[in-house]
Amino acid sequence: MWIVFIRMIHYECRQGLYPSSNIKRFEVPENKVTWNVEFPEYKPIEYTAALVKGKPWADPEIGEISFKPKWNSIDGKVNRKSYTNDYNIDKNGYPLNPLGRTGIFGRGLLGRWGPNHAADPIVTRWKSNVSGSTEINKDTKKPILQLVAIQRYDSGKWAIPGGMIDPGETVSTTLKREFMEEAMSFLEKSQAEKEELEKCIGKLFERGEEIYKGYVDDPRNTDNAWIETVAVNFHDNDNSVSKNIILKAGDDARNVKWVDIDKNLKLYASHSEFIKKTVLKHNAHW
């Protein structure tokens, strides 16, 4: 049962080449994923991307005299606590991925050692037909949900328009900020346009329902750095807000659009699982 669970949420981060690199992960069989299983031949390549090293938003290297992180704690403005359980620290001072081995040592593309906290706003509405009525799927007899999805630049895959929580930032602030930056090109707007956008979606983001909080099976995860998220659904039940939302890809998004949700919708990392949970909460078509 445990092996099946690991495979479900710790699979994408053990496949082939590490993203945006030619670094091949050390192959980790299903029965050797967890740290409590002996794997003496395990010798993963150490990799931290150059774009991460020395950046003000990233941690220093483990072992630097000035870097004294408080693991499993709130460390100043940086949250180093995991949404799962306390993670272990190896004998050399490196935090260990709570789900096990990934085939890569180091931080990869991630800024923080240990958990890198993100927030994913799931903005949905009911699909309408030409007459303005909610569209019902002819097979399941259930209403069809639509989602605002962005196409990522790095992988080309469609995803929820989320992102990393800044130090000292609340989850609710990140959810709203990331949606506006990635799906509404907020950073390119004038101050007056920004204020209008915030007013437009303000009421929608005042009420949300938590869908998921925990570890994310993200291909950027490594043995020592991983992504955890809070996914929250903001549903526009009467389409009163979404009709005024003008979607425009911004920040690190290549494209953005409303997409119909069903079981065939393939999204980045664990996002498809978040959407499935959202569909079940609304008793919508799947």
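Just the heavy atoms: all of them, side chains too, but no hydrogens, waters or symmetry mates, feed the values below. If you're wondering where the values come from, they're calculated on a predicted model, not measured in any experiment.
The number of heavy-atom neighbours closer than 6.0 Å to NZ of K138, taken from other residues, nucleotides and ligands shown, is 12 or below. With a 6.0 Å radius and a threshold of 12 heavy atoms from other residues, nucleotides or ligands, Q15 has its CD atom above the threshold. No more than 12 heavy atoms of other residues, nucleotides or ligands shown are found within 6.0 angstrom of NZ on K276. Counting heavy-atom neighbours within 6.0 Å of I74 CD1, excluding the residue itself, gives a total above 12.
Residue pairs satisfying the ring-ring contact (aromatic ring centres under 6.0 Å, His included) criterion with at least one member in residues 157-180, sequence neighbours excluded, are listed as follows: F179-F205. For residues 221-238, there are no salt bridge (Lys or Arg N to Asp or Glu O under 4.0 Å) pairs, not counting sequence neighbours.
For the pair V37 and N31, the minimum side-chain heavy-atom distance is 4.5 Å or more. Under the 4.5 Å side-chain criterion, counting only non-hydrogen atoms from C-beta, R101 is in contact with W35. Side-chain contact between N97 and H10: present, with at least one pair of heavy atoms (C-beta onward) separated by less than 4.5 Å. For the pair D120/V232, no side-chain contact is recorded, criterion being any heavy-atom separation below 4.5 Å from C-beta on. Residues I227 and R220 have side chains in contact (heavy-atom distance under 4.5 Å, counting atoms from C-beta outward). No side-chain heavy atom of V230 sits under 4.5 Å from any side-chain heavy atom of Y212. Between N239 and S128 there is a side-chain heavy-atom pair separated by less than 4.5 Å.
Applying the ring pair (Phe, Tyr, Trp, His ring centres under 6.0 Å) test to Y47 and every residue at least two apart in sequence or in another chain returns Y18. Residues passing the ring pair (Phe, Tyr, Trp, His ring centres under 6.0 Å) test with H117, sequence neighbours excluded: Y83. Residues passing the salt bridge (charged side-chain N to carboxylate O under 4.0 Å, His left out) test with E46: none are found, sequence neighbours excluded.
Among all heavy-atom pairs drawn from G114 and P95, the shortest one is N-CG, 3.5 Å. Of all heavy-atom pairs between H282 and N233, the closest is NE2-OD1, 2.6 Å. In terms of heavy-atom proximity, V123 sits nearest to W258 at O-CZ3, 3.8 Å.
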- Message: T102 vs V33, test: side-chain contact (heavy atoms from CB on, under 4.5 Å). Steps then yes/no.
- Response: CA-CA 8 Å; T102 67; V33 171; over 6 Å; no

- Query: Would Q146 and V259 satisfy side-chain contact (heavy atoms from CB on, under 4.5 Å), going step by step from the backbone distance to the final call?
  - Reply: CA-CA 5 Å; Q146 291 187 313; V259 296; over 6 Å; no

- Message: Walk me through whether R80 and K70 qualify under side-chain contact (heavy atoms from CB on, under 4.5 Å).
- Response: CA-CA 7 Å; R80 300 193 189 277; K70 297 177 181 178; 5.5 Å; no

- Item | Steps toward side-chain contact (heavy atoms from CB on, under 4.5 Å) verdict (V148, L247) | CA-CA 9 Å; V148 174; L247 298 177; 4.0 Å; yes

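To the nearest 0.5 angstrom, I122 atom CD1 is 4.5 Å from I275 atom CD1.
E188 and S185 form a side-chain donor-acceptor contact under 3.5 Å, judged by distance and modelled atom types alone. With hydrogens and angles left out, the side-chain atoms of S131 and N129 include a donor and acceptor closer than 3.5 Å.
Hydrophobic clustering (side-chain heavy atoms under 4.5 Å, transitive across Ile, Leu, Val, Met, Phe, Trp, Tyr) groups L204 together with V256.
Between E210 and K281, none of the side-chain N atoms (NZ, or NE/NH1/NH2) sits under 4.0 Å from a carboxylate O, so this pair counts as no salt bridge. Taking 4.0 Å as the cut-off between side-chain N and carboxylate O, R14 and E27 do not count as a salt-bridged pair. By the 4.0 Å N-to-carboxylate-O rule, E61 lies too far from K53 to be salt-bridged with it. Using a cutoff of 4.0 Å between basic side-chain nitrogens and carboxylate oxygens, D166 and R177 are scored as salt-bridged.
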Considering only distance and modelled atom types, tabulate donor-acceptor pairs under 3.5 Å from the side chains of residues 192-203, sequence neighbours left out.
residue: E193; atom: OE1; partner: S190; partner atom: N; Å: 2.9
residue: E193; atom: OE1; partner: S190; partner atom: OG; Å: 3.3
residue: E195; atom: OE2; partner: Q191; partner atom: NE2; Å: 3.4

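Using a 30° and 60° split on the angle between ring planes, W71 and Y87 fall in the perpendicular class, above 60°.
Taking the six-membered ring for Trp and the full ring otherwise, the centers of F26 and F105 sit at least 6.0 Å from each other.
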